[in-house]
Amino acid sequence: MLTLKQIRENPEEVVERLRIKNFDAAGTLASILKLDEERRQLQTSADQKQAELNKRSKEIGALFREKKVDEANRAREEMSRLKEEIKGLHARLHEAEQELEALLVTLPNLPHPSVPPGKGEEDNVEVRRGGSLPELEEDALPHWELGKKYGLIDFETGNKLTGAGFPLFTGLGARLVRALISFFLDEAVAAGYREVLPPLMVNEDSAFATGQLPDKEGQMYKLEADPFYLIPTAEVPVTNIYRNVILDEEQLPVRNTAYTPCFRREAGSYGKDVRGLNRVHQFDKVEIVEIDHPDRSYQTLERMVAHVENLVKKLELPYRIVQLCGGDLSFTSALTYDFEVFAAAQRKWLEVSSVSNFESFQANRLKLRFREKGSKHTRLAHTLNGSALALPRIIAALLENNQSSEGIRIPPALVPYTGFEMIR
RNA sequence: GGAGAAAUGGCAGAGUGGUCGAAUGCGACGGUCUUGAAAACCGUUGUCCGCCUACCGGCGGACCGGGGGUUCGAAUCCCUCUUUCUCCGCCA
């Protein structure tokens, strides 16, 4: 969430920048500023009264030690009124703090100044593209047909086991999944990321800190018996490693990578876009997560983009990178680049990665800070993450683009991992 | 699952109702000394909130696993949750 400092110092700028996200913050901000004022006044008077109580309590202790029992008892009685007052002030203070917090969490992150205005996907700005679009035969099949033809993906049985959107990978299909996971992890480790394997369920504190709660509660699977959520992305556990942590400046950047399955309810999405692997409820993803100094975080973002770009190049997939416009930018993000690969049989661009800088928005909730060299004070760090990469749509594009009468060709970079060059 | 013990600053570890934000040791940082280093000595060494301040900083409040309670006063007493350790049981 935004810090009170950001809001207090530049309310007009906050309102203005949130307009880029098509968010009208004027009313909320006015309430926040009023509550903040109230909160500070309450704290000042509560602190003053508490200071008096503390002082008198020490005096009472001294009286007892001097055996002036009567005097001490009289003083004790006088304290009860003061105690009541403090109690009342604290009650009001907590109320104000909670109201304030409730409002603060409704505000999205400020978009970076470079973010173009726009309503949705159609207003995103293409940054560049690479690779070449394959020429397919007239009878080229979409990946869901190819999955069936070569025994790679069994959607029907996945549906029987769990439900729609839970594909069962079989044979070389399952093997291809495993190969891609290993390939992506090896690439990330080679690029300097530390590999971690986190829990697949997180508690409410973790889900809140990275911004899934309360904003996206309906998009996560929640357990019934315990207050846990199935992770929608490794971003959640991996970023939360650093919840309530103060790093030394020399430790930055902190760079982690994790493979995890991801679980998403995808409530509200239906229709032709959800065919096959285009949109599923459980999928595999390798995520890269970084924590860096605010002065460097945009360079870091570019480096992460370069890493992802390298992956799609090695997989020989035609891709394009788009910068999300204000309307398409997520609640928590300041700047996001999406990677899309072209699935040639569907003739569709499929999003396979989202690389974002959250600046201090998550760090503020995480209480993730660092201490600058030579400084006594702590600062909020910047957090960033990106998919590197999400598997299903990569698989969709690989199958569709590399099909021929011979079978499906595996890109050379992947062959050491699959152990086969063709799916026949 | 049962029984018991414990949780204190970066780490180790004292403190069992009142000058305790917390002894002491280690570590780290600054200084003296030294050609340099080590040793020795001196000093500093948490976070958050509020108020004051041009800045250095000052003052007040909170925090001794989390939450709640008793009390004029809680690291210390009570309740509760969590975690860790030991023993027993069960188990991949």
Side-chain angles (χ1 to χ4, degrees), chain A residues 1-9 32-105 197-209 213 223 225-229 237 240-252 254 291 360 362-381:
Chain A
M1 58 190 171
L2 301 178
T3 61
L4 270 171
K5 197 163 172 258
Q6 281 174 296
I7 293 171
R8 217 186 280 151
E9 286 173 0
I32 285 175
L33 290 171
K34 192 163 149 267
L35 275 166
D36 181 44
E37 184 64 34
E38 191 186 328
R39 174 192 132 256
R40 285 189 287 163
Q41 279 173 10
L42 283 167
Q43 173 156 1
T44 301
S45 27
D47 282 358
Q48 280 167 357
K49 293 218 189 305
Q50 185 69 52
E52 192 188 336
L53 183 78
N54 290 348
K55 194 174 121 236
R56 297 294 304 274
S57 291
K58 279 182 184 169
E59 287 168 8
I60 291 171
L63 288 174
F64 274 119
R65 242 171 289 116
E66 292 162 23
K67 303 273 192 264
K68 296 178 182 166
V69 178
D70 288 348
E71 212 175 316
N73 281 331
R74 236 175 298 132
R76 265 165 66 175
E77 279 163 35
E78 288 169 26
M79 287 302 96
S80 64
R81 202 200 71 238
L82 193 55
K83 262 184 81 176
E84 282 308 307
E85 284 178 37
I86 292 171
K87 218 171 152 185
L89 284 169
H90 273 135
R92 283 167 60 200
L93 182 62
H94 287 139
E95 212 174 296
E97 280 170 349
Q98 284 187 348
E99 281 176 46
L100 194 57
E101 166 97 1
L103 288 176
L104 275 173
V105 299
L197 187 63
L200 303 182
M201 297 178 206
V202 292
N203 58 30
E204 289 177 6
D205 286 346
S206 293
F208 173 79
L213 289 181
L223 268 63
D226 294 291
F228 299 151
Y229 295 86
N240 270 282
I241 295 171
Y242 301 92
R243 173 149 51 86
N244 284 321
V245 166
I246 300 174
L247 298 162
D248 288 326
E249 186 175 359
E250 300 89 79
Q251 292 176 266
L252 300 175
V254 171
I291 299 163
S360 62
Q362 289 182 329
N364 189 29
R365 289 196 188 188
L366 288 157
K367 296 191 175 31
L368 162 55
R369 292 153 289 173
F370 70 99
R371 199 186 309 279
E372 276 184 304
K373 218 174 170 178
S375 167
K376 293 190 87 131
H377 299 289
T378 60
R379 283 179 72 181
L380 291 174

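Here is how names work: the chains are called A, B, and so on, in the same order as the sequence lines, proteins then strands, and each is numbered from 1.
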Rounded distance (nearest 0.5 Å) linking atom CZ of A/F64 with atom CZ of A/R76 = 5.0 Å

Expressed in whole Å, how much space separates the P atoms belonging to B/rA62 and B/rG13?
-> 29 Å

More than 12 foreign heavy atoms under 6.0 Å from CE of A/M1: is that the case here?
-> yes

May I ask you to decide whether A/R74 forms a salt bridge with A/E78, counting only side-chain N to carboxylate O separations under 4.0 Å?
-> no

Provide the distance between the two P atoms, one in B/rC11 and one in B/rA5, to the nearest whole Å.
-> 26 Å

Assign each of A/I60 and A/R371 the nucleotide of RNA chain B bearing its closest heavy atom; nearer the 5' end lies the nucleotide of A/R371

Is the shortest side-chain N to carboxylate O distance from A/D36 to A/R40 below 4.0 Å?
-> yes

Euclidean distance for P, B/rG21 against B/rU32 (whole angstrom) | 34 Å

Could you give the distance separating B/rG18 and B/rG25 at their P atoms, to the nearest angstrom?
-> 24 Å

So, A/N203 and A/S206: side-chain donor and acceptor under 3.5 Å apart, yes or no?
-> yes

According to the Watson-Crick and G-U wobble definitions, with both distances under 3.5 Å, which nucleotide is paired to B/rG21?
-> none

Judged by nearest nucleotide, the residue sitting upstream toward the 5' end of RNA chain B, A/L4 or A/G61, is A/G61

Any strand: nucleotide that pairs with B/rU45 via Watson-Crick or wobble, under 3.5 Å | B/rG27

Would you indicate what A/R56 reaches in the nucleic acid, counting non-hydrogen atoms under 4.0 angstrom: base, sugar-phosphate, or nothing?
-> nothing

Please name all residues satisfying ring pair (Phe, Tyr, Trp, His ring centres under 6.0 Å) with A/F370, sequence neighbours left out, ordered by chain then number.
-> A/H293

If you round to the nearest 0.5 Å, how far is CZ of A/R39 from OG1 of A/T44?
-> 9.5 Å

A/R8 near the nucleic acid: base, sugar-phosphate alone, or nothing, with a heavy-atom cut-off under 4.0 Å?
-> sugar-phosphate

pair_partner(B/rG1), Watson-Crick or wobble, both distances < 3.5 Å, evaluates to B/rC88

Note: A/R92-A/E95 ion pair, threshold 4.0 Å (strictly below) | no

Using the P atoms only, state how far B/rC77 lies from B/rA14, rounded to an integer number of Å.
-> 16 Å

What residues in residues 71-84 of chain A put a non-hydrogen atom under 4.0 Å from any atom of RNA chain B?
-> A/R76, A/M79, A/K83

Under a 4.0 Å heavy-atom criterion, RNA chain B is touched by chain A from B/rG18 to B/rG73

C1' gap between B/rC72 and B/rG30, integer Å | 43 Å

Could you please spell out the steps behind the side-chain hydrogen bond (donor to acceptor under 3.5 Å, both in side chains) verdict for A/N54 and A/Q50?
-> CA-CA 6 Å; A/N54 290 348; A/Q50 185 69 52; 3.1 Å; yes

Scan every strand shown for a Watson-Crick or G-U wobble partner of B/rU83, both distances under 3.5 Å, and answer none if you come up empty.
-> B/rA6

Paired with B/rA74: which nucleotide, if any, by Watson-Crick or G-U wobble criteria at under 3.5 Å for both distances?
-> none

Both distances under 3.5 Å, Watson-Crick or G-U wobble: report the partner of B/rA14, or none.
-> none

From CZ (A/R369) to CG (A/N364), nearest 0.5 Å | 9.5 Å

Does B/rU32 pair with anything, Watson-Crick or G-U wobble, both distances under 3.5 Å, and if so, with which nucleotide?
-> B/rA40

Between the CD atom in A/Q43 and the NE2 atom in A/H90, the distance rounded to the nearest 0.5 Å is 7.5 Å

Between B/rA7 and B/rA92, how far apart are the C1' atoms? Round to whole Å, please.
-> 31 Å

Can you tell me, in whole Å, how much space there is between the P of B/rA22 and that of B/rG58?
-> 14 Å

Complementary nucleotide of B/rG50, counting Watson-Crick and G-U pairs under 3.5 Å = B/rC59

Is A/Q43 touching bases, backbone alone, or none of the nucleic acid, heavy atoms closer than 4.0 Å?
-> base

